[in-house]
Amino acid sequence: MNRIKILGRFASIALLACAVACGGGDGDGLALTQANAQRIATDGVETSDMLESMSELVEDFDDVIENQTALQVLCTSGTMSQNINDVAPLNQISTGDSITFSFNNCTMEDDDGEVTFNGSLSLFVEEVTNGPVEGAFSYRVSFLFNGLTVTVENALLLVDGGFSVQNSSTDGVNLKSVISGSRYSALAQFGPFAIQRTVSDFELDRNINTQTDDYWFSYDAQFSGTGIGGTVYFKTTTDFAGNDDDDPSSGQLEVTSNGDGKITVVALDSNNVQLLVDEDGDGTPEYTINTTWDVLNDEESNGNGSEL
C-alpha cells in the first residue's frame, strides 16, 4: 500500500460526499414527493457507500504504520510532510499511534489523472485491544480533516470535520464496524458553481460473517445545506442484509426532511427496490415507485450534479 492509493481512497470518499452534495435545488424546506423520491433515495445509497469507504480508509493507514517505507513516494510537484508517532509495539497499529499528512500543492498521479492536495489530514489510534480468544480484537481510530482540499480535473473539494471508526470481532469470524461522527463538511466547486454539504450526527453499523460472506448493516445520518434544498434525515428501520458483493436483498430505510412528506426505501431482493412516497406525511403512501439497485447506484441518471 502506498501513499498514492491511500490518498486516492480519500479522494473517492470526498467525491462520494460531492455526489450527495451536488444535486437538487435551494430552499428552506424540502418536500419529499413522487418527483424527487428516486433522486433522494440515490442520495441515501451514496451516503451508505461514503460511510463504508471511511472504514476501508482505516485499513489503508494500518498498512502505512506496518510498512513505513511505503511513505517514500514523492509528490510529482509541490510538497508533503508527514509526522508519524508509532508507539510500542512498533510497526503495528497500537494505542497512541498517530499520523498527520500536511500538503502544499502536492500533486500525485492517480488512475484517473492528477490529484492535487492542500491542507492536512490526521489519524489518531484511540484504543487497541486483543480479545480473550484467537482472532478477537477491537480498535478505535479517529480522522480529522483541517481545511483539506482535493483538486481533480476542474473540480475542487474542501473537507472539514472528521469521523471515528471502531472495528471489532469477538471470534475472528464475525466482524463489526461502527463509523460515526458529529460533523463532516464538504464544499464542491466546479468553475463558478459551489455547493456546500454537511453530514452530521451520523452512524453506520456494519457486520459481516467472513465464512459465509453474509452482511447486514444500518445507518442514520442527517444532511443539510445547499444542493438538496434543506435538511434530509436517513434512518434504517429494518437492517439491510445481503451476501458478498450483492446489493441488499432485504431492509428498509426511512427518509424524512424539514419539509413535508416521507419516503420509505424497501429492498425487495438484491436487484429490486420499492419506494413508498407519503407526500403529506399522514402515514399512508400515495405513490409506489418500483426501481432497481442499479438505478439508485447511478447518481448521474438521477440528476445528482446536473446543476453543475
Side-chain angles (χ1 to χ4, degrees), residues 16-52 197 199 201-207 214-307:
L16 281 169
C18 174
V20 176
C22 295
D26 298 334
D28 293 332
L30 175 63
L32 303 180
T33 67
Q34 182 188 25
N36 65 16
Q38 192 156 280
R39 178 181 59 80
I40 295 296
T42 295
D43 290 343
V45 172
E46 292 293 337
T47 299
S48 64
D49 288 346
M50 179 182 68
L51 296 177
E52 185 175 350
R197 173 61 62 212
V199 56
D201 299 329
F202 56 90
E203 179 172 312
L204 179 145
D205 292 15
R206 182 176 179 86
N207 301 268
D214 290 332
Y215 68 82
W216 59 100
F217 69 91
S218 64
Y219 67 99
D220 298 342
Q222 172 184 327
F223 283 90
S224 61
T226 60
I228 61 171
T231 300
V232 175
Y233 305 88
F234 299 112
K235 181 177 179 61
T236 304
T237 54
T238 302
D239 283 2
F240 287 100
N243 180 264
D244 200 18
D245 293 330
D246 291 342
D247 287 310
S249 57
S250 63
Q252 188 166 296
L253 177 72
E254 184 177 274
V255 186
T256 57
S257 73
N258 55 351
D260 296 326
K262 180 174 73 173
I263 300 168
T264 304
V265 182
V266 182
L268 300 178
D269 54 45
S270 60
N271 296 311
N272 299 291
V273 184
Q274 195 171 74
L275 309 181
L276 306 178
V277 185
D278 178 10
E279 289 192 338
D280 58 14
D282 66 353
T284 302
E286 290 82 27
Y287 303 99
T288 298
I289 301 173
N290 293 309
T291 185
T292 66
W293 285 117
D294 285 345
V295 170
L296 297 184
N297 281 317
D298 185 359
E299 69 273 8
E300 292 183 3
S301 68
N302 286 281
N304 286 357
S306 61
E307 295 193 352

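Remark: side-chain polar atoms of Tyr287 are not paired, donor with acceptor, to backbone N or O of Thr33 under 3.5 angstrom. Looking only at distances, no side-chain donor or acceptor of Asp43 sits under 3.5 Å from a matching main-chain atom of Thr47. At distances below 3.5 Å, not a single donor-acceptor pair connects side-chain atoms of Ser270 with backbone N or O atoms of Asp246. Remark: side-chain polar atoms of Glu279 are paired, donor with acceptor, to backbone N or O of Gln34 under 3.5 angstrom. For Glu254 (side chain) and Thr237 (main-chain N/O), no donor-acceptor pair under 3.5 Å exists by modelled atom type. Within the 3.5 Å criterion, the main-chain N or O of Ala241 finds no donor-acceptor partner in the side chain of Asp214. The backbone N or O of Asp269 lies less than 3.5 Å from a partner atom in the side chain of Trp293, making a donor-acceptor pair. With hydrogens and angles ignored, the 3.5 Å screen pairs a side-chain donor or acceptor of Asp278 with a backbone N or O of Gly283.
Closest approach of Asp239 and Ser218 over heavy atoms only: OD1-CB, 3.3 Å. The two residues Ala37 and Ile263 make their nearest non-hydrogen contact at CA-CD1, 3.5 Å. Nearest heavy atom pair, residue Tyr219 against residue Val45, reads OH-N, 4.2 Å.
Note that CD1 of Ile289 and CG of Leu275 are 5.0 Å apart. Values are rounded to the nearest 0.5 Å. Within the model, atoms CD of Gln222 and NZ of Lys235 stand 12.5 Å from one another, a figure rounded to the nearest 0.5 Å. In this structure, Asn290 CG and Leu268 CG are separated by 7.0 Å, a value rounded to the nearest 0.5 Å. Going from atom CG of Asp260 over to atom CG of Asp282 covers 11.0 Å, rounded to the nearest 0.5 Å. To the nearest 0.5 Å, atom CG of residue Leu32 and atom CG of residue Asn258 are 9.0 Å apart. Annotation: the span from Leu204 atom CG to Phe234 atom CZ amounts to 13.0 Å, rounded to 0.5 Å.
Around the CG atom of Asp245, the shell of radius 6.0 Å holds no more than 12 heavy atoms that belong to other residues, nucleotides or ligands.
Proximity of Gln38 to Leu296: side-chain heavy atoms (C-beta onward) are separated by under 4.5 Å at one or more points. For the pair Val232 and Val255, the minimum side-chain heavy-atom distance is below 4.5 Å. Side-chain contact between Asp247 and Asn297 is present, with heavy atoms from C-beta onward closer than 4.5 Å. Residues Tyr215 and Pro248 meet the side-chain proximity criterion, which asks for heavy atoms closer than 4.5 Å.
The residue from Leu276, Thr236, Val266, Val265 that alone fulfils the side-chain contact (heavy atoms from CB on, under 4.5 Å) condition with Gln252 is Val266.
In this view, Thr292 and Asn272, Asp294, Val295 satisfy the side-chain contact (heavy atoms from CB on, under 4.5 Å) rule, not counting sequence neighbours. With sequence neighbours excluded, the residues satisfying ring pair (Phe, Tyr, Trp, His ring centres under 6.0 Å) with Phe240 are Phe217.
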